Amino acid sequence: MKRVQTQIFDSLKNNFIFVRLNEKDEFSFVSDDFCKISGYTQKELLGQKYHILKHPDIDKTFFDRLLKGQNTHHVIFKHIDKKGEVFYLDTKIIPIVDDKNILQERILISYDVSNSYKLSEELIIHHIRLRQMSMQLDNISKKHKKENDKLLANFNDSFTKALQKNDANHKEVFKRVLQTSLEKLVSDIAHQWRQPLNGLGIAMFEMKQRVKDERGFSEIYLKSKDVIKSMSELIDNSRNFFNQHLEDNYTSLKQTLNEVLQILFEMLEKNNIKVICKFKQDFKVLAYKNDLLRVFANILLNSIEAFNLQKNKEISVNFTKFGLNYIKISIKDNAGGIEEENLDKIFFPYFSSKHPSQGVGVGLCICKQIVENLGGSIKARNVANGVCIEIFLKFIKDSYARF
């Protein structure tokens with residue numbers, strides 16, 4: 001019998017983070033793996049109470065309840081090592097009694113789940129900070145809305161007067177006043193940040209479902225980091241939006257679309273939306289990649305938010321040559337269409353048919369400004385059961401490739 005017990009204990013100490021406590025809850029044996037993760041030597045631990053590892057956040061009575069009586073417990077321990085660093089153990093506490101049912105010792109069989117829990121805490125902290133930032137930006141957006149309305153009214157007045165006087169510089173007046181207005185659209189930042197936060201929220205939800213799957217959790221965490229990085233780049237791009245010079249900057253449509261679809265993958269999957277890429281050629285268009293990313297993301301997000309309870313949710317994307325120098329980008333959904341009287345308004349700033357929590361109505365206005373800055377044009381039209389957004393951009397002749 002003793003030989004069997006010895007074999008069992010040898011197997012446990014070689015394959016698990018293994019601890020034996022005597023009837024006074026003092027260490028009587030600690031495995032090498034336990035010493036490695038705790039930072040203590042066997043000599044430092046033997047004879048010490050298990051409470052030596054207790055994290056300050058954990059109530060002492062919690063430990064006392066677990067290490068009292070003869071019940072088996074399964075618990076996640078939050079510990080602190082010799083250097084003061086936090087580590088987590090998924091632990092099974094098993095009491096060992098003699099023939100008279102008197103407690104002789106407890107054995108603790110554990111495995112390390114520190115990475116999952118540390119990543120979880122870090123991601124939650126980032127999520128809270130980003131939510132707070134989003135709320136602050138929303139407040140700034142609302143605060144400046146009246147000021148922007150006034151600036152837009154001034155634009156209308158200045159533009160009208162310039163036309164009445166047949167002023168040769170009326171185009172410059174248009175550009176200057178509109179630029180002044182849009183530079184103050186802090187709501188653009190709030191709008192751009194809110195949308196990636198939705199993706200981050202989905203990742204957080206999946207994290208809760210898969211927190212014990214360390215590999216799966218790490219994948220979700222890396223996706224969330226990519227979303228946060230994308231948000232930061234959007235902010236930088238917003239700051240430099242009016243100081244760009246295109247010159248010979250050409251961007252691949254296919255590559256840019258694929259990056260956006262990767263960012264929105266979780267949202268598309270969650271809403272059971274199928275994206276159909278109908279194009280058979282890739283084209284390079286005269287555009288900044290980050291600007292084109294914003295245009296694609298805004299349009300696709302508008303389609304995603306427009307879907308209700310349809311069974312077959314589809315968004316189709318196509319690239320076709322238009323004339324000699326342009327490419328037509330068509331993004332079409334079957335989400336129900338837009339009322340005809342509103343088709344001409346969807347590119348106006350602050351026009352939105354959505355709930356305020358989904359945006360303040362600047363997404364398509366920003367798209368229009370970007371496209372026109374690139375020397376192109378954008379329009380919308382109703383099609384069967386949905387809307388088609390069409391964008392026209394200059395492209396490099398002979399730059400397309402079949403695939």
Side-chain angles (χ1 to χ4, degrees), residues 5-97 103-128 203-222 224:
Q5 288 180 341
T6 300
Q7 290 177 343
I8 292 172
F9 284 128
D10 286 344
S11 177
L12 289 173
K13 73 179 183 180
N14 292 330
N15 294 282
F16 295 93
I17 298 173
F18 181 59
V19 168
R20 297 173 69 175
L21 303 177
N22 61 25
E23 70 278 6
K24 297 179 182 179
D25 298 326
E26 298 170 341
F27 290 103
S28 60
F29 173 83
V30 289
S31 68
D32 292 339
D33 286 341
F34 188 87
C35 291
K36 183 178 178 180
I37 195 171
S38 69
Y40 290 96
T41 64
Q42 289 188 355
K43 185 177 180 179
E44 290 172 323
L45 288 173
L46 294 179
Q48 293 284 348
K49 291 276 190 180
Y50 193 79
H51 292 73
I52 190 175
L53 301 171
K54 185 183 77 67
H55 191 279
D57 291 349
I58 308 301
D59 188 355
K60 183 177 180 297
T61 58
F62 173 72
F63 267 75
D64 293 338
R65 288 197 305 271
L66 292 174
L67 301 177
K68 184 180 290 185
Q70 299 180 9
N71 293 325
T72 298
H73 297 284
H74 184 194
V75 63
I76 305 294
F77 275 129
K78 183 178 182 180
H79 288 321
I80 189 163
D81 66 16
K82 186 176 180 180
K83 295 180 180 179
E85 299 292 331
V86 176
F87 67 98
Y88 293 85
L89 294 180
D90 187 327
T91 302
K92 193 84 169 181
I93 304 173
I94 304 172
I96 305 296
V97 297
L103 180 70
Q104 297 298 306
E105 64 175 341
R106 287 184 175 83
I107 61 173
L108 280 66
I109 304 170
S110 308
Y111 63 92
D112 184 14
V113 292
S114 300
N115 286 342
S116 294
Y117 275 83
K118 287 177 182 178
L119 288 173
S120 172
E121 288 182 347
E122 183 180 344
L123 197 54
I124 289 171
I125 290 171
H126 281 302
H127 183 68
I128 292 171
M204 291 287 291
F205 174 78
E206 289 193 11
M207 177 195 70
K208 293 179 182 178
Q209 306 300 312
R210 300 168 62 181
V211 70
K212 289 187 178 180
D213 178 2
E214 187 168 333
R215 181 179 177 184
F217 179 84
S218 296
E219 291 175 0
I220 297 171
Y221 177 72
L222 292 174
S224 300

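Computed from a predicted model, the values in this text were never measured in an experiment. Values below: every heavy atom of this structure, side chains too, minus hydrogens, waters and symmetry copies.
For the pair Gln104 and Val97, the minimum side-chain heavy-atom distance is 4.5 Å or more. Contact check for Asp90 versus His74: side-chain heavy atoms found under the 4.5 Å cut-off. Annotation: side chain of Ser38 is in contact with side chain of Phe87 (closest heavy-atom distance under 4.5 Å). Glu26 places none of its side-chain heavy atoms less than 4.5 Å from the side chain of Leu21. In this structure, Arg65 and His73 have side chains that are not in contact, with every pair of non-hydrogen atoms separated by 4.5 Å or more. Using a 4.5 Å cut-off on side-chain heavy atoms (C-beta onward), Phe18 and Val30 make no contact.
Partners of Lys36 under the side-chain hydrogen bond (donor to acceptor under 3.5 Å, both in side chains) rule, at least two apart in sequence or in another chain, do not exist in this structure. With sequence neighbours left out, Asp57 forms a salt bridge (charged side-chain N to carboxylate O under 4.0 Å, His left out) with Lys78. Under the side-chain hydrogen bond (donor to acceptor under 3.5 Å, both in side chains) criterion, Tyr50 pairs with His79, not counting sequence neighbours. Applying the ring-ring contact (aromatic ring centres under 6.0 Å, His included) rule to Tyr88 yields the partners Tyr117; only residues at least two apart in sequence or on another chain are considered. The side-chain hydrogen bond (donor to acceptor under 3.5 Å, both in side chains) search around His51 returns Asp64, not counting sequence neighbours. Asn71 pairs by the side-chain hydrogen bond (donor to acceptor under 3.5 Å, both in side chains) definition with nothing, not counting sequence neighbours.
To the nearest 0.5 angstrom, Asp81 atom CG is 10.0 Å from His55 atom NE2. Rounded to the nearest 0.5 angstrom, Leu103 CG and Asp25 CG are separated by 8.0 Å. Rounded to the nearest 0.5 angstrom, Leu46 CG and Asn22 CG are separated by 10.0 Å. Residue Thr41 holds its OG1 atom at 11.5 Å from CG of Asp32, rounded to the nearest 0.5 Å. Here the CD1-CZ distance, from Ile109 to Phe16, works out to 6.5 Å after rounding to the nearest 0.5 Å.
Nearest approach of Ile107 to Arg20, heavy atoms of both residues: CG2-CG, 4.0 Å. Lys82 and Glu44 get closest at one heavy-atom pair: NZ-OE2, 2.7 Å. Here the closest non-hydrogen pair linking Phe34 and Ile17 is CD1-CG2, 3.5 Å. The shortest heavy-atom contact between Ser28 and Glu105 is OG-OE1, 4.3 Å. Nearest approach of Ile37 to Leu89, heavy atoms of both residues: CD1-CD2, 3.9 Å.
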Stepwise salt bridge (charged side-chain N to carboxylate O under 4.0 Å, His left out) test for Glu23 and Arg106: CA-CA 7 Å; Glu23 70 278 6; Arg106 287 184 175 83; over 6 Å; no
Working for side-chain contact (heavy atoms from CB on, under 4.5 Å), residues Phe77 and Ile93: CA-CA 11 Å; Phe77 275 129; Ile93 304 173; 3.8 Å; yes
Step-by-step side-chain contact (heavy atoms from CB on, under 4.5 Å) determination, Gln42 to Tyr40: CA-CA 7 Å; Gln42 289 188 355; Tyr40 290 96; over 6 Å; no
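Side-chain contact check for Ser31 and Asp33: no donor-acceptor pair (N or O, by modelled atom type) lies under 3.5 Å.
The backbone N or O of Lys24 lies less than 3.5 Å from a partner atom in the side chain of Lys49, making a donor-acceptor pair.
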